[in-house]
Amino acid sequence: MEFIYRYDLHFVFRLIVAGVCGILVGLERKRRAKEAGVRTHCLVACASALMMILSKYAFDDLVGEFIKLDPSRIASGVASGIGFLGAGMIFVYKRTISGLTTAAGIWATAGVGLAIGSGMYVLGLSATLIILMVQFALHANVRWLKRPKVKILCLRYQNNDEGQPDATVIFRELGITVSDVSVKKEMQNNVVEYRYVLEIPPQLEESELISKFDCDCTLTLNE
C-alpha cells in the first residue's frame, strides 16, 4: 500500500510539472492578449499528462497472458482530439486569419503534457523551452519575417484630367507590387476610377503612398 501511495505521488508530480510547462506557454500568449491564456494551456498540459498516465498505468491490473494493451491508443486520441479546441481559436475575417499560432501552441502544449505524463521530463521541458523560444523569436521586429500588406487603392480622376501621375511609376518607386487592376468609367460624371489591388511593403507608411496622388484617393483593406 505504501508503494502504491508513493507511486501515485510520482504521478501527481508529473501533473504538476506538466501544469507548470503549460503556464509558461500560456503566459506568453496572455501577454499578447490572445484567445487562449494561462488557464487554457495549463489545463491542456495537465489533462494530456493525465491521459498519458492513464494510458500507461491504469490497466496494469488487467494485463496478463491473454490480455494485451496498447499504451499509445489514448495518446493518439489526445493528439487528434485536441484539434477541436485549436479550431475554436482560429478566426477568419475578410481573408485575414488569426489564431493559428495560438491553436498550434495548444496542440504543442498537449504534446508536452503527453511527454511529461509518460515520464520523459527532459523531452517535455525541452519542448516547452523550444516553444517559448519560437514564440518570442518570431514576434521580434525582424524585417524579413513581415508579410506585405494587401490593400485596395481607388483613384478617381476627371476623364479629361491630363495632369494625373503615372501610378505604375509611383508603385515601382515605392516597391509596391500590383496584383490586380480594373478601370470603371462613369459617363454621367465624366469620372474614371482606377482600382488597384496592391501588396505594400510592411515598412511603407500608407500616408506616404496617398500623398503621391492629388485626386480623390481611398486606401482600404482587401475584402
Side-chain angles (χ1 to χ4, degrees), residues 24-38 40-41 82-109 129-223:
L24 292 176
V25 178
L27 284 173
E28 189 277 335
R29 292 286 84 190
K30 182 180 180 181
R31 189 172 68 88
R32 301 187 187 279
K34 297 300 181 179
E35 294 77 17
V38 175
T40 302
H41 285 82
I82 200 67
F84 86 94
L85 186 59
M89 308 296 168
I90 302 174
F91 300 91
V92 181
Y93 179 71
K94 293 184 178 180
R95 298 186 182 180
T96 300
I97 302 175
S98 62
L100 283 176
T101 303
T102 303
I106 288 289
W107 190 63
T109 304
L129 181 61
I130 292 173
I131 293 170
L132 291 175
M133 289 175 60
V134 169
Q135 298 280 33
F136 283 108
L138 296 186
H139 276 97
N141 190 19
V142 182
R143 181 176 178 181
W144 62 272
L145 287 174
K146 293 183 177 180
R147 298 179 59 187
K149 297 175 288 186
V150 179
K151 300 282 186 175
I152 294 178
L153 177 66
C154 293
L155 304 175
R156 294 171 59 87
Y157 294 101
Q158 291 296 321
N159 195 21
N160 57 358
D161 188 0
E162 299 179 355
Q164 57 182 334
D166 189 346
T168 57
V169 174
I170 295 176
F171 298 151
R172 193 180 305 114
E173 291 176 352
L174 297 177
I176 297 174
T177 302
V178 180
S179 300
D180 188 27
V181 60
S182 60
V183 182
K184 183 174 68 174
K185 294 184 178 180
E186 299 178 6
M187 303 303 296
Q188 295 181 348
N189 301 327
N190 196 27
V191 171
V192 180
E193 180 181 279
Y194 297 85
R195 185 176 182 271
Y196 300 93
V197 179
L198 307 176
E199 294 182 9
I200 303 175
Q203 69 275 9
L204 180 65
E205 295 293 336
E206 298 174 5
S207 57
E208 181 180 354
L209 171 61
I210 295 178
S211 65
K212 298 289 185 179
F213 300 96
D214 186 17
C215 64
D216 185 3
C217 175
T218 58
L219 187 64
T220 59
L221 282 172
N222 185 5
E223 300 181 356

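Bear in mind the structure is a predicted one, so any value in this text is a computation, not a measurement. Side chains are part of it too, since the values below use all heavy atoms of this structure and drop only hydrogens, waters and symmetry mates.
Taking 4.5 Å as the limit, some side-chain heavy atom of H41 sits within range of a side-chain heavy atom of I106. Side-chain contact between T168 and V181: absent, with no pair of heavy atoms (C-beta onward) separated by less than 4.5 Å.
Of the candidates I152, L198, V197, D180 forms a side chain to side chain contact (heavy atoms under 4.5 Å, CB included) with just one, namely V197.
From S179, atom OG reaches atom OH of Y196 across 13.5 Å, with rounding to the nearest 0.5 Å. Between R195 atom CZ and L153 atom CG the span is 10.5 Å, to the nearest 0.5 Å.
Take L204 and apply the side-chain contact (heavy atoms from CB on, under 4.5 Å) test, not counting sequence neighbours, and it matches L174, I176, I200, P201, E208. Applying the side-chain hydrogen bond (donor to acceptor under 3.5 Å, both in side chains) rule to T177 yields no partners; only residues at least two apart in sequence or on another chain are considered.
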